[in-house]
Amino acid sequence: MLIALLIVAVALITIDFRDGGTSGAHSIGGRIFGPVEHVGGDVTGWFRGGGSSSEVSALQQQNTALQLELAQSKVTGQQTAELNSLLKLTGKDRYRVVAASVIAAGGDYSDTVTISVGSADGITANETVLNGEGLVGTVVATSPTTATVQLATDASATVGIRMAGDGQIGALTGTANDFSGTAPLKLTLFSANATLKPGQELVTFGSVGGRPYVPGIPIGRITKVTTTPGSLTPTALVKPFADFTGLGVLGVVVSK
Amino acid sequence: MSRAVILGRPVSGQFASDPSPWRKALVFAALPVALFAAVAVQLTVVNRLPLPGGTGPDLVLLLVTAVAVTTGPMTGLLTGFAGGLALDIAPPATHYAGEYALVFCVAGYLAARAAAASGASTGERNPWVELGVMAAATAAGEAGKAGLGLLLSDPDVTGPAIKHVLPGSILWDLLLTPFAFFLVSWVAGLARPVSERAPRPEFVGAQRLAAVFRAASAGAAPNLKLAGSGAKFTDERQARRVPKLRLADARSKSFARTDAAGSGIARPALSGRKAAKLNFAHSASALRSAGAGVTSLGRTPKLKFSGKSSAITPPRRQKGPGKGWIRAAGGRVPAAGSGTGGRASVPVAGRRKPSAGWLRTDAHRPTTVKRATPGKGWLRTSRRPRANWYSSGPSTRWVRRSRSKDRWRTRRRSLSGAVLSGVRDLLPSGDRR
């Protein structure tokens, strides 16, 4: 019996390993546990929201949508033309925001959350998730009623960024710290000549088709420059705008 | 919260002391429900709590190990697999499906086996031992989660992440271990019949353990009394009494040896009400072997030694006990080195008789040293001393015996062949074939 179960477990790991962590087992789990987490999320949301959760969530959704509009409109002038030519970005009204609330969170090692919308609401993988403060993460998996969001603080998350002022580009990775603290993100600029100063702000660089990140979403602010003499690229620690400890209502940017 | 409802259900009824079948069924049905609830609470509440330390406890692991130590290996195995698999495939999980199933089922199985083994060896269910086993299994499960993630090169499970997460999570788990254990063992106790709920000693295991203890201590700890072991170590003070010994060959040497050996080893054998009659034909080492035999048997047999029963350590100098007085020290050197581990009283007994020993001042020294001083050779007996541990090397006969017979034969043959060929060489060449 022990041997049989061990073989089953190893077989599951093997299948999932081959599929890169997106085997059918996860979707089955989403079907089974999605409703349960919905209930649990509602209960905890009731405790967190203090009763008028629907009103709060509606306001937060509006806030999120405005935030996205603002982010899109911030991509101004020459930058817009540049990005349009680069990304074939046609306009800000290409996107819409689907509001969702966090109903569950991942374990000790992964910074992931489950949100209350899924493929039934038009959510697909690799869609940007943000809240009223800034970038939160990206959707990595969906089930009919839930979606799994990989937070920007996850160790395996990498976000392409652009410095708000001088437009330098770089990459931002998570530091594997749990989202229970103000986990700093690690910034690495691609240009060796660029200089970093504490207080500089970062926005997402954007990807083709807005997946996994749409451009112009504010991410955070540099708190500490960690460039070492002799290193090829400037590095810094970034404090995200979004409060990852108290994620409540999120918005998923869905392409129209 | 939903767990509390489940746990409360079995006691709410009007049950008698003996569990009815459907009460048992309720408790067994509570297991998957509790597991499901633990997974849900873990994902929706515990993981979202901003707990100090950056991590939180693993309720599913705690439930698995608690169920394992309170029930049995099969239940622990299945519970671990189910709980781990649920954590693997429930939505926010991004690690590979099957990881936690593997770790949890192994942890549950081993915890249950360890708890069952401790219960079988002592004959009763000790909740503290079970709690300790559960805590160890929980910590091992946390480490196993990290280790397997590292093994599969999960991008989230890195060295710094483990250093950050693992101590905190183990600490949280250990904090919650007692609560989970007593909750689960209370629920499990509801399904157990009353007779089983009371700890009942299993005499078979206890006796086996007592025998192991006795054999291991070899009488070194006669005070050891194991409950229900049926040991004959009844009265320790009786054993302290010097037994009446009638030694057939009552030399001083053998008496001293008897006393020394019997003080430590053979006492349990003499602890009966009657004074045992001991009949030593030759040696004290016979007594030593008898002592070991008696302790392993655990009862008082008749002791009857007629020389040939010295099975364990054959006495080295038993051939000439007549010289015992005079060579009190000299005769003891090989014996003390070979057997009893050099009792302190033995050389003292030799030194007490200088009147006999003044002629042989070198008698206590090893033979090799004696050979180095030939000046006193006239005092020694003409017989060469037998080879012992201290002599320079084994005799040729010993060497010959130690090798294989065939090898010696070939050597002899080659020697004789060499001699023959030498003789042939001496012969005139015309006679050669």
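Just so you know, these numbers use all the heavy atoms, side chains as well, and skip hydrogens, waters and symmetry mates. So you know, we letter chains A, B, ... as the sequences are listed, proteins then strands, and number each from 1.
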*Let me know if Ser143(A) has heavy atoms under 4.5 Å from chain B in its side chain, its backbone, both or neither.*
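Neither part; nothing is under 4.5 Å.
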
*Heavy-atom distances under 4.5 Å only: say whether Asp88(B) touches chain A with side chain, backbone, both or neither.*
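The backbone, not the side chain.
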
*Measure distances from Val46(B) to the heavy atoms of chain A and classify the residue's part below 4.5 Å as side chain, backbone, both or neither.*
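Contact with chain A involves no heavy atom of Val46(B) at all.
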
Student check: side-chain heavy atoms of [X] and [Y] closer than 4.5 Å:
X	Y	value
Tyr109(A)	Thr55(B)	no
Ile32(A)	Phe36(B)	yes
Thr14(A)	Tyr96(B)	no

*Out of Gly80(B), Ala90(B), Gly84(B), which one racks up the most heavy-atom pairs below 4.5 Å with chain A?*
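Of the candidates given, the most pairs with chain A belong to Ala90(B).
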
[X] to [Y] - nearest heavy-atom pair and separation:
X	Y	result
Glu37(A)	Leu43(B)	OE2-CD1, 3.1 Å
Pro91(B)	Thr148(A)	O-OG1, 2.8 Å
Asp156(B)	Ser110(A)	OD2-CB, 3.4 Å
Gly106(A)	Pro92(B)	N-CB, 3.7 Å

*Could you pull out all residues at least two apart from Thr138(B) that satisfy side-chain hydrogen bond (donor to acceptor under 3.5 Å, both in side chains)?*
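If we apply the side-chain hydrogen bond (donor to acceptor under 3.5 Å, both in side chains) test to Thr138(B), skipping adjacent residues, the hits are Thr65(B).
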
What is the distance from atom [atom1] of [X] to atom [atom2] of [Y], rounded to the nearest 0.5 Å?
X	Y	atom1	atom2	result
Cys105(B)	Leu6(A)	SG	CG	4.5 Å
Phe104(B)	Leu5(A)	CZ	CG	14.5 Å
Leu85(B)	Leu12(A)	CG	CG	6.0 Å

_Can you tell me if Leu175(B) has over 12 outside heavy atoms packed within less than 6.0 Å of its CG?_
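Count over threshold, so yes.
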
_Can you tell me if Phe182(B) has over 12 outside heavy atoms packed within less than 6.0 Å of its CZ?_
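Counting other residues, nucleotides and ligands, CZ of Phe182(B) exceeds 12 neighbours.
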
*Among pairs that include at least one residue of residues 102-115 of chain B, which meet side-chain hydrogen bond (donor to acceptor under 3.5 Å, both in side chains), considering only residues two or more places apart or in two chains?*
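Of all non-adjacent pairs touching residues 102-115 of chain B, those that pass side-chain hydrogen bond (donor to acceptor under 3.5 Å, both in side chains) are Tyr109(B)-Arg113(B).
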
*Close approach to chain A in residues 67-79 of chain B, criterion heavy atom under 4.5 Å*: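 Expected list: Met74(B), Leu77(B), Leu78(B).
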
*For chain A, which residues from residues 146-153 of chain B lie under 4.5 Å away (heavy-atom distances)?*
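Expected list: Ala146(B), Leu148(B), Leu152(B).
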
